[in-house]
Amino acid sequence: MPRIRNGWQLFEVGPDLVDSADVAAAVQEAFTRLLTHHARRAVGLAGLPDICCAGGVFLNLSANTAISELPEVRDMYVPSCPHDAGTSVGAAFLGWARAWKGRAAATARLRSDFLGRPAEKITPEHAGRCGYTPLTQLGDVDATAARAAEAIASGAVVARYAGRAEFGPRALGNRSLLCHPSACADARAKLNRFKRRQAWRPVAPIVREEDLHTYFLGPDQSPFMNFNFVVRDEFRAVLAEATHADGTARVQTVSADYNPAVHDLHTRVADLGQVPVLINTSFNGPGRPIIDSADDALEFVRHPVVDHLLTDDCLFATPASGPIKVRRPESVVMAVFGTGAGARYVLSDENASSPVDRQLFLDLCERETVAADSASRLVLDCLRAGLLIEA
């Protein structure tokens, strides 16, 4: 039986994680071999080709995909919340079975994890107090979906806060930032800078279940983003923003039965002439939980990266102006070029450089956190480039 010797936690990682990529790859390979060995053993002992896996290790997409591709495995199911938090669902099922005193339970797999709180209602009056403009009439679901699809197909980033919250670590469309991989310029870089993630980090594509094998190679469905897929060669260019460096993608599939609103959004985007694949990343800021209140949603989407807020029955434009609190990341340096009225005030790091106005520059010199105009082109440029971040 294969074993992995403990002690990896003693490995010292340098400031640039890419420098340790070879070590990470070796650990992943060893881990995958170990897990596939146990999967083969489990299938052999049970005499069944279908396998259901739970536990934190099954958040590892590479290993999950390797198990699903074993010749001994016909089908593999990983729930939306396989780590320790999912034990609450197991306890609920156990209690349900005992309450029914051994009667036969339904055996169909769960394909939806929208078990959290329903989204709080956001009215035009509530949104208006925060500076938002309704673009559709409240309650007009069809017009709202049409305008949202038009915005996404034109390159906008849309924050969707609708329905019940997802149960598990993945945002699956109800608490998500959505955009189009080709219409939205530099989508991955824009979202990674906003989330303060490394530039190489991938973002996940979401696709209609019936379109899955048109664009990707892999399992027949992935409603919870638990598997890696290979992007088909003919779509590598159009899906470049949603494709990892190794040509794979953490795909989420969506069906008309289990999330009709997001499925319909894809259909409308396709009708507008765009590939019906969207980028989906979680509706939260760096190091923060996924947004789950109306006030938090309205506060969050003031960030200039987000263009619209989409609820169940209304599309809102984000505020055009207003003060936001910003700070300078430690990796960014400040410089002044010239003197007097002709002086230029610049923020710069190894990836980008951008001017700022004099007063903001001086405020940053004096204080860690300062107020900035969210409508200022200079401020927007710095936020998009990661030279400023929201405090």
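For reference, positions follow the sequence shown, starting with 1.
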Open item on the list: If we check side chain to side chain contact (heavy atoms under 4.5 Å, CB included) with Phe300, which of these qualifies: Leu177, Leu309, Thr318?
Closed with: Leu177
Open item on the list: Among Leu61, Asn64, Ile67, exactly one meets side chain to side chain contact (heavy atoms under 4.5 Å, CB included) together with Phe227. Which residue is that?
Closed with: Asn64
TODO: Measure up the His303 and Phe194 rings against each other and bin them: parallel (under 30°), tilted (30 to 60°), perpendicular (over 60°).
DONE: tilted
TODO: In sequence, state the C-alpha distance, the side-chain angles, and the governing distance for Lys195 and Asn284, and then conclude on side chain to side chain contact (heavy atoms under 4.5 Å, CB included).
DONE: CA-CA 8 Å; Lys195 298 227 175 199; Asn284 65 325; 2.8 Å; yes
Task: Any side-chain donor near an acceptor of the partner, Asn174 and Arg160, under 3.5 Å - done: yes
Task: Point-to-point distance, once rounded to the nearest 0.5 Å, from CG of Asn228 to OG of Ser62 - done: 4.5 Å
- [ ] Decide yes or no for Phe229 and Leu212: does some side-chain heavy atom of the first lie under 4.5 Å from some side-chain heavy atom of the second?
- [x] yes
Task: Side chains of His263 and Glu210, donor plus acceptor under 3.5 Å - done: yes
Task: ILVMFWY cluster, Met334 and Val356 together (side-chain gap under 4.5 Å) - done: yes
TODO: Mark yes or no for whether Asp349, through its side chain, and Ala352, through its backbone, hold a donor-acceptor pair below 3.5 Å.
DONE: yes
Open item on the list: So, taking the atom named CD in Glu209 and the one named NE2 in His266, what distance separates them when rounded to the nearest 0.5 Å?
Closed with: 12.0 Å
Open item on the list: Same cluster or not: Tyr258 versus Val262, using hydrophobic residues (I, L, V, M, F, W, Y) connected whenever any side-chain heavy atoms lie under 4.5 Å apart?
Closed with: no
Task: Residue pair Asn192 / Gln198, side-chain donor-acceptor N/O under 3.5 Å - done: no
Open item on the list: With heavy-atom distances below 4.5 Å as the criterion, would you say the side chains of Tyr215 and Val231 are in contact?
Closed with: no
- [ ] Spell out, as yes or no, whether a donor-acceptor pair under 3.5 Å connects the side chain of Gln274 to the backbone of Ala183.
- [x] no
TODO: May I ask you to decide if Ala242's main-chain N or O and Arg188's side chain share a donor-acceptor pair within less than 3.5 Å?
DONE: no
TODO: Measure the shortest side-chain to side-chain distance between Arg197 and Val203 over non-hydrogen atoms and say whether it is less than 4.5 angstrom.
DONE: yes
TODO: Find out if a path of hydrophobic residues (ILVMFWY) with successive side-chain heavy-atom gaps under 4.5 Å connects Phe216 to Val238.
DONE: yes
Open item on the list: Side-chain heavy atoms nearer than 4.5 Å, only ILVMFWY residues, links allowed to pass through others: does that put Leu135 and Leu272 together?
Closed with: no
Open item on the list: Can you tell me how far apart CZ (Arg170) and CE (Met225) are? Round to the nearest 0.5 Å.
Closed with: 7.5 Å
- [ ] Ignoring hydrogens and angles, tell me if any N or O in the side chain of His244 forms a donor-acceptor pair with the backbone of Asp246 under 3.5 Å.
- [x] no
Task: Glu166 side chain reached by Ser80 side chain, heavy atoms, under 4.5 Å - done: no
Open item on the list: For Arg147, is there an ion pair with Asp140 - N to carboxylate O distance below 4.0 angstrom?
Closed with: no
Task: Matching residue for Thr144 among Thr136, Asp313, Asp312 - test: side-chain hydrogen bond (donor to acceptor under 3.5 Å, both in side chains) - done: Thr136
- [ ] Classify the side-chain pair Thr311/Lys121 by whether it contains a donor and acceptor separated by less than 3.5 Å.
- [x] no
Task: Residues Leu278, Ile152; criterion side chain to side chain contact (heavy atoms under 4.5 Å, CB included); working and verdict - done: CA-CA 9 Å; Leu278 305 183; Ile152 290 172; 3.7 Å; yes
Open item on the list: Let me confirm one number: the CZ-OG1 distance from Phe316 to Thr133, rounded to the nearest 0.5 Å.
Closed with: 9.5 Å
Task: Test log, rule side chain to side chain contact (heavy atoms under 4.5 Å, CB included), inputs Glu150 and Arg268 - done: CA-CA 8 Å; Glu150 290 171 2; Arg268 292 175 184 270; over 6 Å; no
- [ ] Mind telling me whether Tyr345 and Phe361 have parallel, tilted or perpendicular rings, with 30° and 60° as the class edges?
- [x] tilted
Open item on the list: Looking only at the side chains, is there a donor atom on one of Thr253 and Ser222 sitting less than 3.5 Å from an acceptor on the other?
Closed with: no
- [ ] Would you please say whether a donor-acceptor pair under 3.5 Å links the side chains of Asp381 and Ser354?
- [x] no
- [ ] Could you tell me whether a side-chain N or O of Tyr161 sits under 3.5 Å from a main-chain N or O of Glu120, the two making a donor and an acceptor?
- [x] yes
Task: Matching residue for Val326 among Leu387, Leu383, Ile389 - test: side chain to side chain contact (heavy atoms under 4.5 Å, CB included) - done: Leu383
TODO: Calculate, to the nearest 0.5 Å, the distance between atoms OG1 and CZ belonging to Thr369 and Arg328 respectively.
DONE: 11.5 Å
Open item on the list: Under a plain distance cut-off of 3.5 Å, with no hydrogens placed, do His126 and Asp295 share a side-chain donor-acceptor pair?
Closed with: yes
Open item on the list: I want to check something: taking the side chain as every heavy atom from C-beta on, are Ser88 and Phe167 in contact at a cut-off of under 4.5 Å?
Closed with: yes
Task: Flag side-chain contact, heavy atom, 4.5 Å: Cys81 against Val89 - done: no
Task: Side-chain heavy-atom pair Val277, Ile206 within 4.5 angstrom cut-off - done: no
Open item on the list: Please enumerate all residues that pass side-chain hydrogen bond (donor to acceptor under 3.5 Å, both in side chains) together with Asp220, with sequence neighbours excluded.
Closed with: His213
Open item on the list: Under 4.0 Å between a side-chain nitrogen and a carboxylate oxygen: does that hold for Arg33 and Glu29?
Closed with: yes
TODO: Could you give me the CA-CA distance, side-chain angles and deciding distance for Val370 and Lys325, then say whether side chain to side chain contact (heavy atoms under 4.5 Å, CB included) is met?
DONE: CA-CA 5 Å; Val370 302; Lys325 292 182 178 180; over 6 Å; no
Open item on the list: So does Thr32 get a backbone contact from the side chain of Thr36, meaning a donor-acceptor N/O pair under 3.5 Å?
Closed with: yes
Open item on the list: Measuring from atom CD of Glu69 to atom CE of Met76, what distance do you get when rounded to the nearest 0.5 angstrom?
Closed with: 10.5 Å
- [ ] Tell me yes or no: between the side chains of Asp257 and Ser255, is some donor less than 3.5 Å from an acceptor?
- [x] no
Open item on the list: Could you see if Ile291 belongs to whatever hydrophobic cluster contains Leu191? Use Ile, Leu, Val, Met, Phe, Trp, Tyr and a side-chain cutoff under 4.5 Å.
Closed with: yes
TODO: In plain terms, say whether Asp233 and Arg236 are close enough for a salt bridge, that is, a side-chain N and a carboxylate O under 4.0 Å apart.
DONE: yes
Open item on the list: In the structure I gave you, are the side-chain heavy atoms of Val158 and Asp307 within less than 4.5 Å of one another anywhere?
Closed with: no
